[in-house]
K.L.:
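Sharing a structure here in structure tokens format.
Only heavy atoms go into these numbers, but all of them, side chains included; no hydrogens, no water, no symmetry mates.
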Amino acid sequence: MTIALDTPDIDRLAAAGHALRDWQEEGAPMQLHPGDLGWYWRAGPRATAEAVRTWSRGGRILAVGLLDGPGLVRLTTAPDARRDEELARHLVADLTVPARGVLPRGRAAVEAPEDALVRELLAEAGWGIDEAWSPLRRDLSLPVAEPGLRIEVAGPDRAHLVAEVIRGAFEGSRFTDERWHAMASGPLFGDARCLLAYDDRGDAVATVTVWSAGPGRPGLLEPMGVHRDHRGRGHGRAITLAAAGALKELGASSALVCTPSSNTGGVITYVAGGFERRPEIHDRFRSA
């Protein structure tokens, strides 16, 4: 049976999300998570569908990719297909030839699990190593300390506050309450919690959205941010602890997050919140 590349329509996006959910396992390398798809949903269902690629054989999805920015595809495979040579070679061909509709001409990057054969084949094809990323993990079988700030689960009436904090946390962000509502309307948000942290004056100072992949599976933090006007006061640690607590309540086995290694402040914050830093990972990239 041949490998089929597909761009699912809105109605078939759920199958990609279910596949990603099923592939989350303890001990697996850092990989695309259903929460990544859920966070992308802020752009709306049509844009999300246009950004997803699936690779299937015999009707079974074996790989899912998310076009997460110009020239970047975040890709993962079913655990039992990591070393599938037919799949890996098909992926490399689809990633390399712009006419196949995955990556454009010029500079491009591929994120894939460290143990995936596709990474090795991309290296053989001349793809280099890109910037370093730091994955971090927190074991949720252990107790989670109280955050020390007032934490609220943000609903639709708090979307504007979440948007304000995100814009204040990420330079150049254009996140709006409309985008929050789009994200919250997606099918993956049912397994998510959006949290807001307030300081002792009642100001919203930090936010995080956590995404469960189901009980007994790793959950994801995406995104987490502290408003720039309220940094240096321990709010990052507080919202990180709140995130871990929320995922624990949802039944997640662990909490995962990944940030550029150059984001030293972010790494320090996650470690202060009980996360353990794992070995750095790198994307594969093709120069322009």
Side-chain angles (χ1 to χ4, degrees), residues 5-8 10 13-17 19-21 23-24 29-55 61 63-77 91-92 94-96 98 100-114 116 118-119 122 127 129-136 166 169-176 179-180 182-183 186-189 192 208-211 213 218-225 256-263 266 280-286 288:
L5 167 64
D6 185 36
T7 301
I10 295 171
L13 266 180
L20 289 174
R21 179 187 176 107
W23 297 345
Q24 307 305 311
M30 195 73 191
Q31 62 177 327
L32 189 67
H33 190 277
D36 293 307
L37 200 60
W39 169 235
Y40 197 95
W41 213 282
R42 69 194 186 278
R46 184 177 299 280
T48 304
E50 292 174 352
V52 171
R53 301 292 183 273
T54 62
W55 287 263
I61 296 177
V64 176
L66 176 65
L67 306 181
D68 197 6
L72 169 64
V73 61
R74 303 179 62 193
L75 173 75
T76 194
T77 73
L91 288 170
V92 170
D94 289 341
L95 295 168
T96 302
R100 298 196 180 184
V102 182
L103 288 170
R105 296 183 184 277
R107 196 186 194 285
V110 176
E111 174 193 292
E114 289 290 299
V118 64
R119 290 180 56 86
L122 286 170
W127 292 57
I129 294 293
D130 209 353
E131 68 172 316
W133 289 75
S134 290
L136 299 103
I166 288 179
F170 298 100
E171 193 70 34
S173 172
R174 297 180 180 179
F175 191 79
T176 62
R179 289 201 164 200
W180 188 94
M183 175 185 72
L188 296 168
F189 196 76
V208 67
T209 301
V210 297
W211 305 86
L220 181 74
L221 282 64
E222 182 62 64
M224 186 283 282
L256 304 176
V257 70
C258 196
T259 190
S261 297
S262 59
N263 180 18
E280 286 184 332
I281 57 177
H282 301 78
D283 296 346
R284 288 284 179 188
F285 88 100
R286 176 187 67 204

K.L.:
Please check this pair: side chain of Glu50 against backbone of Pro8, looking for a donor-acceptor N/O pair closer than 3.5 Å.
P.N.:
no
K.L.:
Please check if the side chain of Gln31 supplies one atom and the backbone of Trp23 the other of a donor-acceptor pair under 3.5 Å.
P.N.:
yes
K.L.:
Is the side chain of Arg53 donor-acceptor paired with the backbone N or O of Gly101 at a distance under 3.5 Å, no angle test?
P.N.:
yes
K.L.:
Show your working on side-chain contact (heavy atoms from CB on, under 4.5 Å) between Arg46 and Ile10 and close with a plain yes or no.
P.N.:
CA-CA 6 Å; Arg46 184 177 299 280; Ile10 295 171; 4.3 Å; yes
K.L.:
How long is the gap from OH on Tyr40 to OG1 on Thr48, to the nearest 0.5 Å?
P.N.:
6.5 Å
K.L.:
Take Trp55 and Val102 through the side-chain contact (heavy atoms from CB on, under 4.5 Å) test and state the conclusion after the steps.
P.N.:
CA-CA 11 Å; Trp55 287 263; Val102 182; 4.1 Å; yes
K.L.:
Can you measure from CG (Leu20) to CG (Leu32) and round to the nearest 0.5 angstrom?
P.N.:
5.0 Å
K.L.:
Under a 3.5 Å distance rule, please check whether Asp36 uses its side chain to pair with a backbone N or O of His33 as donor and acceptor.
P.N.:
yes
K.L.:
side-chain contact (heavy atoms from CB on, under 4.5 Å) for Val118 and Leu95? Distances and angles first, verdict last.
P.N.:
CA-CA 10 Å; Val118 64; Leu95 295 168; 4.3 Å; yes
K.L.:
Closest heavy-atom contact between Ala19 and Ile61?
P.N.:
CB-CG2, 4.3 Å
K.L.:
Which atoms form the tightest heavy-atom contact between Ile166 and Ser173, and what is the distance?
P.N.:
CG2-OG, 3.6 Å
K.L.:
Closest heavy-atom contact between Pro113 and Arg119?
P.N.:
O-CD, 2.8 Å
K.L.:
Test: salt bridge (charged side-chain N to carboxylate O under 4.0 Å, His left out). Region: residues 104-113. Which pairs qualify, not counting sequence neighbours?
P.N.:
Arg74-Glu111, Arg107-Asp130
K.L.:
For Trp211, which residues count as a ring pair (Phe, Tyr, Trp, His ring centres under 6.0 Å) partner, sequence neighbours excluded?
P.N.:
Phe189
K.L.:
For the backbone of Thr176 and the side chain of Arg179, can you confirm whether one donor and one acceptor N or O come within less than 3.5 Å of each other?
P.N.:
no
K.L.:
Can you name the closest pair of heavy atoms from Pro104 and Arg286 and give their distance?
P.N.:
O-NH2, 2.7 Å
